[in-house]
Enquirer: 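Take this structure first; my questions come after.
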Amino acid sequence: GGNGGNKSSGASGGNGAAGEAQSSSAAPSAEQAAAETPVQGGELTYALATSPDTLDPARSGLAVASRVYRSIFDNLVVKDANNEIKPWLATEWSVSDDGLTYTFKLRQDVKFQDGTPFNAEAVKFTFDRILDPNTKASNSASALKPYASSEVIDDYTIKLVLSTPSRAFLVNLTQTTLGIVSPTAVEKYGDQFGKNPVGTGPFKFVGWQENADITLERNPDYNWGPETASNQGAAYLDKLVFKIVPEEATRIGSVQSKQVLAAETVPPQNIAALKADSNFQVLQVETGGLPYTLFINQNKEPWNELKARQALQYGVDIGSIVKTLYLGTYEQAWSALTPSMFGYDASLENSVQPDADKANQLLDELGWTVGSDGIREKDGKKLTLHYVDGSPNREKRNDIAVMIQQQLKKIGIQVDVEITKDVATKVFQNDDYDIYGNSQVNVDPNALSQFYHTAAPGVLGNIAHVSDSQLDQWLEQAAVEKDDTKRAELYKNVQQFIKDNAVILPIYVFPYTVAASNKVKGLAFDSVGYPQFGGVYIQK
Amino acid sequence: MVRTIIGRVLSSLLVIAGSSVLVFVIMYLLPGDPVDSLIDPASATPEQIATLRHQLGVDQPLYAQLADYFGKLLRGDFGKSLLNSEPVLPKIIEHFPATLALAAASALLSVIVGVLLGVLSAIHRNRPIDVIARIVGLLGISMPTFWSGILLLLVFSIHLGWLPAMGSDGWKTLVLPAATLGLIGGGFIVRMVRNSMLEVVNEHFIVTLRSKGLSERAIMYRHALRNALIPSVTMIGMLVGEMLAGAVVIETVFSRQGIGRIVADAIMAKDLPVVQGVIVFSAIVYVLVNLLVDISYSYIDPRVRRAA
Amino acid sequence: MRESATAKALLQKRKWELPALRSSGRRFDLSRLFAAGAVAVIAFIVLCAIVPQWIAPYPPTEMMTDSIMQAPSAAHPFGTDYFGRDVFSLVVYGSRDSLFIGLMSVVVGGLVGGTLGALSGYIGGRLDSVAMRLVDTLMTIPGILLALAIAAAMGPSLTNIVLAVAAAAIPGYARVMRGQTMSINGRPYITAARSIGVTRFGIFWRHVLPNSLSPLLVMSTLGIGSSILAGSGLSFLGLGLLKEIPDWGTLLSQGRGYLTVAWWICTFPGLAITLLVLAVNIVGDWLRDYLDPKKKEA
Amino acid sequence: MEPLLEINRLSVDFHTRRGPLQALSEVSLTIRQGETVCLVGESGSGKTVASKSVMRLIDYENGRIAGGRIRLGGLDLASLSQNELRSLRGKKMAMVFQEPMAAFDPVYTIGYQIVETIRRHDSKSKEDAWEHAVSLLDRVGIPEPRIRMKQYPGELSGGMLQRAMIALALSCGPELLIADEPTTALDVTIQAQILQLLQELKEEFGMSILLITHDLGIAAEIADRVVVLYAGRVAEQAPTAELFARPHHPYTRGLLDSIATLDTEKGEKLHSIAGSIPSLTALPNGCLFHPRCPLATDKCRSEAPPLVARGEREWACWHTEELLKTTKGNKRSGGLDAASTAVPPDGALTATSPSSSQELLQVEGVRKYYPVKGSLPGRKRAYIRAVDDVSFSIRQGETFGLVGESGSGKSTLGRVLLQLEKATAGRIRFDGRELTDMGGTSLRSARKDIQMIFQDPYGSLDPRWNVGDIVGEPLRVHERLNASEKKERVARLLESVGLDASYASRYPHEFSGGQRQRIGIARAIALNPKFVLADEAVSALDVSVQAQVVNLLQELQEKLGLTYLFIAHGLQIVRHLSDRIGVMYLGKLVEIAPSHELFLRPAHPYTKALIASVPSADLGAKRERITLQGEIPSPARPPSGCRFHTRCPLATARCREEEPALRAVDPEHVVACHYPL
Ligand SMILES: Nc1ncnc2c1ncn2[C@@H]1O[C@H](COP(=O)(O)OP(=O)(O)OP(=O)(O)O)[C@@H](O)[C@H]1O
Ligand SMILES: Nc1ncnc2c1ncn2[C@@H]1O[C@H](COP(=O)(O)OP(=O)(O)OP(=O)(O)O)[C@@H](O)[C@H]1O
Ligand SMILES: [Mg+2]
Ligand SMILES: [Mg+2]
């Protein structure tokens, strides 16, 4: 059946309205500004914290790259603030009953920025290219899974065939990595497409000076924006320039000295001052997916024992860590999912409170007794916890390690913190860690399978090495469950299980934070927190 | 002279080849894998990784990779970045001017300030000027650059708003980074010039000059300084190395384009061809500059010219 | 009588004169004062490194989370950091690793570089050419890149940072030592020893080496400063070490993001580094003068 | 005649870390127009300070005129400002320095530096100044002056530079020329040329010259008047002839006696002044000279003698009368014995006839070539032929002297003989054993018998070792001694060279030059060697000290039966010490003869010229000068045929083509010349 009735993934389980930024400036907020008449023209300079690796959606794995090419490429569908799937380049779609084929009707008025017409061939080209191992498109390939092949029905109709049914497939099509690329441009630039990206988005690529800036300009023909965008037509800005400014002080300084109009990733300690300054606004949006989570490695003794893990759960005062380090600008995470995700279990909030006595008691029960130096021992072995974290100190994660080190010392656990550039070898190859933290930006709770299923795919896999048949079963069921209520219930079971078994220590939900001059109006964010520049204008 | 230069060039080639082998070996020994940054560990399978490693050639033994690399290098092919398949040479050529501008500006700054302060300091030995010059010089070499850089940035661009905080377009963006980097060079040069001035002033020929009735000014600036500069010139050659190294930090602090940042990133990502390329390139620059220094040496110091 | 009109004219127009260069002589001697101050600073820092518990008012790891980022006060002379740790105590305790990095890199680098240079200068010939090409090679690679690569290769640990910084310093030491050895080797007293029949090794060990060491010593003193700076540079580039008690470079590098909101967090470690490097350099300069036979005789 | 320069009771202080130091005290002297005055005295006596005070250059060295007046042509120099002085320096008074190499700024051309001076004082155009400079260079005897103008100091030889320095000094027609040891750093032959030039120029320009020298021979030759300084005070001043004839001060007398003139005989004890000049920081009471004076009495020890003036003379001594009584004419035999060291000069030495004893060292066809640096591979290598086919032998117990100009290869030959460097070719036999074949351990043990004394007494002692260790080093290497034995031996060695045994714990820099040389000698004789090579062993020392060391060497030879190879450029000393002398020129041995024979009947024109260039303190023997023209050519490109032909007044076409072989003109006298004299 090919009508649009079977449209989106429906009911919203999340409680976060991620679509709009929560502006917290003393000055008129972005939403209010959006109500004013937008000004045409001008240039927005936007300081990024890191450099994109490539602007080829198929190949990039970095969020920062997505923030840039989000404006260059469009997707077939879009997710709104209520986790519902809405049309974008596809006007309507249908799913076969076995869940194995998706048929999309495409917009007919769309052109790539290089003039190439957008059609079913382009869609097929984009997806097949991702499957081609020569593209080295591992990130988008995993988002595209279980896509097997596609069939062009006519110029504007395409059928996508899956190898197995997946409830996540449609949602995943909203991911930036599955943006539709111009086949002619790919042919033309080959390997270098990432430095010469061409899509159908509201901005077209102009130039990229590595480590300095990336310049985009208005795509004047654009009028196919999704309904989630405040401006479906051509962008107001003439030019959009991303500056790459890795050093925090410099980045914030460049906004304060008005060298740029906006800067991303504002460190918590600077937020208060910027908020207090009437020349600036601070915009924050929660990123969806998995929060920053510390995984406890169950392959290692004594962390294979529940009581030991629970001791960590009680011994670590996450609330204090989040409050101290992020000064109230980040939310504490309570579950394996972020609050905006479909299926988020809000009941877990405040369900675990730090309790040193309980932690001590649990460790006592396991036979770990406090030694002369305050560290617990058993059979002549000290109770140590090998805490691995990556470098650089992104989002103050290293500082979390330092605080946990001090907190656990109080219950007699010696934490050896190892900060390494080479997480891949340490964690994923050698399995040499007791605790390792990670987070993931994602659009569908199916992401949980990648972390908690016994046979989690990929090298990253099941970091905690949790293995439970009941858990596996819930995850498998949820991946294909058509009934959203039931699906949400399954995911809640999963979250509950994770909490009860102290599989992880969820730490914080990362808010994407932007500081901008008050002249910048209409800056909004999509459902995963990527900025949408189409509606932005500069007030004179 | 020409003969010496040819000899120098030949031995320089050897040195450059040596440094690239050395870097190659170090990088080869680095743990981790360029593939890690290419692939999402969450989804990649070991087979995928193996394929990718094979495609990139990083599964080859060291000698094979080395041979391959040098084979290409001889043909002028610096290879492609493992991360984004970008050819390395154009990348370096794109980024080098910014680093060159930074290095040149800070070298200039440090030479001007350094020589000036060094001479004043020597002439007014143990007077307030000397004390100030020496303290400035010492501070220059005693402060971590990233710290002094950020301090300068806070003062001059955030508080006073005089200069841009970042970027690499236009001379204005050059001022703060060059000042930060020049502070070190200046510090070294002040000390060097001061010491050699004090040494030269004790030379016999200074007495001759006085006995000829020359003014102190002529003696100091026309004769003593020129003699004192000779050892300092070598120093300037060495400074280029320091400047290139300093660029790694400075370019990050001030968000400048440049090969310093490229190479730092590439080292972290184990992007061997890029690291190699930059090292070979900067070795060439270093060798060239020192060759120039040697040649200019023979113009300043006739004794060297004769020996050559 | 040849007394000329010019001479008379001369006598009349006495003018202000350019001050002549004067050796330190009767003047109040500043460099000695500097050196004394520098020695005092170093002594205090060394004391901090040995017995920090006598000086620091708080345990360096204690996190007073309800009083984070407090400005300097009587209770916290250098304020508190973002964990609520007492910055003064951190700086006092941090001296240990900073000094360790500075000293050990110099010891390792000086030992390796010095030995290489001394042997190469003394033995000469093919060994010398090979060694010097090697040193030239190392010279062309900017030190920090070498350190960066080594630190990245071996992972961040105190030993590895020391090794990385030391490796980068080797060529400098080798050069200086080689030059010095060669110059000493040309002195008449070496010929004298040879004519007596002292063995090659004996000459090297008893005459060449002791007489070549002073520039190396001076260079090492100055090297302590640059090693500490190089170490902090590595911290900045994300290759520093994270220990319970961070060294100054790490403190500075980690605190730099707070410069606008809580300047004291990184200012004091920064000052500590600068002060130590300054002091070490002053002592090095003084040592250079002191060991210089020319200046000593005057 | 009106005095040009008048120094009146001049005192000069230096400010040092340890307080003021009086370097000159009440020095008076006058120079009349056209007069040459020589300032003599031992090292450290204040000669340079006096000359720099006239120029007021001491102001730049923490010096200060503490009292007295200096008048130059009516101007009171002591009270002028530096600015005013600057217009006088180089213009009215000019200076020539000891080390011509160090006196020029190495980074500017000779021409630039002369023109700079001319334009500083005269308002000449650049071109005129340049032309003037060229003519000056031409005048001082520099060939191709236009080329030299554009050359840098490092490109000229020492002799050339000293000429250029003189041209520089003359550039503004000064009335007074101060020359501070202008020839000390130069070869005898060049020295003679320069002195002659100075005399010519003095006449021509009508200047006055203040010449500083420690060589009384020079003073005797060119001075009108001589001023003798001792420890910053004038000991005596007098017209040259009078001074030499009847010295009124024991110090002058001692200096004159110390000079080994060309006619002192081998084995004869040289007269020397005991001790050395006192340090300015520890001056004795009374007469400063009393600790070294054979005539000293209690009065001398307590009261400083005033400067007595009589006619043209001035002197400061309580005992002039007695001194004059002991003087017999101008002959210096007898003299003041009190000062000579220990051993009586009996005939024991002269009795042994060295010619009869066996040969200890035989040298056959020794060559030493150094490759010229920087020649490209492939091209034929160029060599510096430092020593080229030299053969001779040294007999047991004799002293063989080796003379020649700088660069003639004397030191190189010495190093090769001692196997400190391998000969390029040739054989050396020592005591019946082939040294050239030896290596490693056997060579090291052979070194016990062959020792060396060096030119630079300071440089040859490791500054970080104390004297005991330095002298004990040979013992440590070759003999197994325990600490106390070693100490004992070192003490005896020190005593045998006239040093106090307690000095063993001191360091080299705490000694005077003469004492250091004694330490070097003690080290050389520590192992009772058979053969000692002394390379310019006394050249760096003051005449008075030279005499002490020479006496010591002779004394030791006698006691220990040593054989010496004595290398020197000072012919007097060589003659005095040696039984036989070899003359080297450009790597070749050109003449060997018994020493009296050589001086009496030199067979080689070069030898003759060398002898002729030596200034003699013997006023009666002012002889006509056969100065050698030009300078020694480069050993990298030696002239064809006879290497001396380029400078030889007698050279013929044959000399240019055919190399003369060594041949005997006498059984004991060999010479390499086609036309021996
Ligand atoms: N600038 C100075 N400061 C302190 N003492 C000085 C200075 N210049 C010279 N003297 C001292 O003055 C004394 C006389 O030195 P001067 O150089 O005049 O001796 P000299 O007779 O020229 O000896 P020489 O034959 O070695 O040149 C010496 O004891 C020397 O140490
Ligand atoms: N190691 C060497 N390498 C190259 N050339 C040398 C070396 N040693 C000596 N010569 C050259 O050999 C020649 C003879 O030098 P040597 O020192 O033997 O002369 P000398 O007669 O002792 O002179 P002086 O009287 O100046 O001591 C000189 O031209 C010198 O430059
Ligand atoms: Mg003198
Ligand atoms: Mg010699």
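Atom set for the values below is all heavy atoms of this structure, side chains included, hydrogens, waters and symmetry mates excluded. Protein chains get the first letters and strands the later ones, always in sequence-line order, with residue 1 at the start of each.
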Enquirer: Quick one: what part of D/M165 sits under 4.5 Å from any heavy atom of chain B, side chain, backbone, both or neither?
Expert: side chain

Enquirer: I need the D/R120 CZ to B/S215 OG distance, nearest 0.5 Å.
Expert: 6.5 Å

Enquirer: Does the side chain of B/F205 reach to within under 4.5 Å of the side chain of D/P153, using non-hydrogen atoms?
Expert: no

Enquirer: Quick one: pull up CG in B/L214 and CZ in D/R119 and give me the separation to the nearest 0.5 Å.
Expert: 12.5 Å

Enquirer: Does any heavy atom of chain B fall under 4.5 Å from the side chain of D/F104, the backbone, both, or neither of them?
Expert: backbone

Enquirer: Need one label for B/I206: side chain, backbone, both or neither, based on atoms under 4.5 Å from any heavy atom in chain D.
Expert: neither

Enquirer: Below 4.5 Å from any heavy atom of chain B, which atoms of D/L168 appear? Answer side chain, backbone, both or neither.
Expert: side chain

Enquirer: Can you name the closest pair of heavy atoms from B/T208 and D/A103 and give their distance?
Expert: OG1-O, 2.7 Å

Enquirer: How long is the gap from CG on D/D59 to CZ on B/R210, to the nearest 0.5 Å?
Expert: 9.5 Å

Enquirer: First locate atom CZ of B/R226, then atom OH of D/Y108, and finally report the distance between them rounded to the nearest 0.5 Å.
Expert: 4.5 Å

Enquirer: Enter the distance from B/L209:CG to D/D105:CG here, rounded to the nearest 0.5 Å.
Expert: 6.0 Å

Enquirer: With B/K212, which of D/R89, D/R86, D/Q113, D/K91 fulfils side-chain contact (heavy atoms from CB on, under 4.5 Å)?
Expert: D/Q113

Enquirer: More than 12 non-hydrogen atoms from neighbouring residues, nucleotides or ligands closer than 6.0 Å to NE2 on B/H204, yes or no?
Expert: no

Enquirer: Can you find a pair of side-chain heavy atoms, one from D/K52 and one from B/V207, that are under 4.5 Å apart?
Expert: yes

Enquirer: For the atom pair CD (D/E116) and NE2 (B/H223), what is the distance rounded to the nearest 0.5 Å?
Expert: 3.0 Å

